[in-house]
Number of protein chains: 2
Amino acid sequence: MAAPRKSNRSAAPARDASAATAAPRAIAEQLERHGVRPSAQRVAIASYVLGTEDHPSADQVWARVKERFPMVSRATVYNTLRHFTEKGLLRELVLAEGRQVFDPVVEPHHHFVDDETGAIRDIPWNALKVAKIDELEGLDVREYMVVVRGVARGARKG
Amino acid sequence: MAAPRKSNRSAAPARDASAATAAPRAIAEQLERHGVRPSAQRVAIASYVLGTEDHPSADQVWARVKERFPMVSRATVYNTLRHFTEKGLLRELVLAEGRQVFDPVVEPHHHFVDDETGAIRDIPWNALKVAKIDELEGLDVREYMVVVRGVARGARKG
DNA sequence: CCGAAAGTTGGACTTAGTCTAAAACTGTCA
DNA sequence: TGACAGTTTTAGACTAAGTCCAACTTTCGG
């Protein structure tokens with residue numbers, strides 16, 4: 001389940017290194033560049049949600065952040081995720097198993113939903129090509145994506 | 001909001017004709033053909049959900065059905081929708097504003113989500129073409145669709 | 001240090017959906 | 001007809017996801 005890339009558990013405290021923790025300094029700067037005032041809670045939330053390859057739901061983010069920051073409130077996480085989304089740090093997808101999920105990749109891309117595990121994976125924009133989208137009559141298209149459902153064959157490692 | 005098509009309130013009892021009510025006989029037969037025993041509640045649910053062009057959520061179906069069948073319970077509606085889906089009468093989409101919605105069109109097609117109203121519209125399968133879907137490595141594709149978001153321009157009539 | 005604005009908090013509330021045990025209905029067979 | 005089994009429906013409790021709000025805390029500018 002965990003994506004074992006970006007192994008920068010550099011100056012992390014003596015806890016397990018399972019959660020992806022980027023340097024707080026860098027995260028604070030990233031927030032500021034997007035016009036978000038970096039509070040401690042926001043940095044904690046960002047350090048998980050901006051660094052993950054999962055597509056967590058809001059409640060999943062809350063659970064994750066609480067592990068290292070137990071006194072954070074649910075309202076804060078929800079507000080913050082909305083805030084991040086408004087500021088363009090996140091994208092909100094509505095294709096998951098009934099809940100809205102957040103995707104730190106803001107650039108357009110497609111999605112693969114694993115029917116067995118429910119996991120969502122990104123598909124690079126150029127891996128697929130949609131034709132005739134500009135021929136749709138009467139629709140002002142703002143964005144589009146292909147949603148592929150199926151099962152991942154073979155090479156899935158935990 | 002009401003879709004004033006299929007005005008076959010033929011041998012219906014003396015009640016109002018506001019909701020789309022197909023002939024109960026025909027619906028019962030349709031259910032039987034799909035291996036669903038047609039109870040009164042199931043026919044009531046089917047007569048709305050199989051005849052609509054909306055993409056209602058389960059709770060919306062419940063609300064609609066209760067208008068003409070006030071004593072129907074929520075569990076029945078949820079069970080029935082699941083049952084219909086298993087029997088291939090409905091398809092369940094997971095792309096709506098955070099909820100699962102049902103689509104009486106079982107054949108593959110694409111979807112347009114109106115960002116302003118949240119309404120979902122079908123896009124015919126042949127209106128778009130997705131290339132390179134068979135080149136996706138390591139994925140057993142079961143189905144796919146294009147989800148288009150934007151706003152409907154002009155000519156929208158209810 | 002003060003006040004205002006921004007941020008955070010817990011908890012109540014809402015909405016969507018599931019679960020359950022009991023009741024009601026249906027078909028069958030004697 | 002009446003008894004039985006299996007199916008369907010029911011109300012309501014429960015859970016999960018998410019919103020809302022009023023109060024508290026923190027930060028920032030002066």
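Proteins come first, then strands; the chains are lettered A, B, ... in the order of their sequence lines, and each starts at number 1.
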Check: What about A/R74: does its side chain form a donor-acceptor pair under 3.5 Å with the base of C/dG10?
Finding: no
Margin query: Check for me, please, whether B/I123 and B/V146 land in the same ILVMFWY cluster - side-chain distances under 4.5 Å, paths through other members count.
Written below: yes
Checklist line | OP1 or OP2 of C/dT9 under 4.0 Å from side-chain N/O of A/T76 | finding: yes
Next item on the list: Please check if B/I45 and B/V43 belong to a single hydrophobic cluster, counting links between Ile, Leu, Val, Met, Phe, Trp and Tyr side chain heavy atoms closer than 4.5 Å.
Entry: yes
Notebook entry, point to check: What are the two closest heavy atoms between B/V49 and B/P56, and how far apart are they?
Noted result: CG2-CG, 4.2 Å
Item checked: Strand-adjacent residues in residues 29-44 of chain A, judged by heavy atoms under 4.0 Å from DNA chain C -> A/R37, A/S39, A/Q41, A/R42
Margin query: By nearest atom, which of the nucleotides D/dT10, C/dA16, D/dC20 is closest to the B/M71 side chain?
Written below: D/dT10
Next item on the list: Rounded to the nearest angstrom, tell me the gap between atom NE2 in A/H83 and atom C1' in C/dA5.
Entry: 13 Å
Check: How long is the line joining CG of A/N79 and C1' of D/dT26, in whole Å?
Finding: 16 Å
Item checked: A/D59 CG - C/dT14 P separation (whole Å) -> 19 Å
Next item on the list: Verify the contact: side-chain N or O of B/Y78 to OP1 or OP2 of C/dT18, cut-off strictly under 4.0 Å; return yes or no.
Entry: no
Going by atom type alone, with no hydrogens or angles, which donor-acceptor pairs under 3.5 Å involve a side-chain atom of residues 30-40 of chain A and a protein atom two or more places apart or on another chain?
{"unit_1": "A/H34", "atom_1": "ND1", "unit_2": "A/K87", "atom_2": "O", "d": "3.3"}
{"unit_1": "A/S39", "atom_1": "OG", "unit_2": "A/R42", "atom_2": "N", "d": "3.2"}

Next item on the list: Name the residue closer to the 5' end of DNA chain D, choosing between A/Q60 and B/T80 according to the nucleotide with the nearest heavy atom.
Entry: B/T80
Check: To the nearest Å, how far apart are B/W62 CH2 and D/dG12 P?
Finding: 11 Å
Notebook entry, point to check: B/R82 side chain: which of C/dT18, C/dG17, D/dA11 is closest?
Noted result: C/dT18
Next item on the list: Write down the distance between CZ (B/F84) and C1' (D/dT8), rounded to a whole number of angstrom.
Entry: 12 Å
Notebook entry, point to check: Looking at side-chain heavy atoms only, is the closest gap between B/V151 and A/R142 below 4.5 Å?
Noted result: yes
Notebook entry, point to check: Taking atom P of C/dA6 as reference, at what distance in whole Å does atom NZ of A/K87 sit?
Noted result: 11 Å
Item checked: Nearest-Å distance for atom pair CG/P, residues B/L81 and D/dT8 -> 15 Å
Item checked: Pairs satisfying ring pair (Phe, Tyr, Trp, His ring centres under 6.0 Å), at least one member in residues 51-83 of chain A, at least two apart -> A/H55-A/H111
Check: Do A/V147 and A/V141 share a hydrophobic cluster (ILVMFWY, side-chain heavy atoms under 4.5 Å, transitive)?
Finding: no
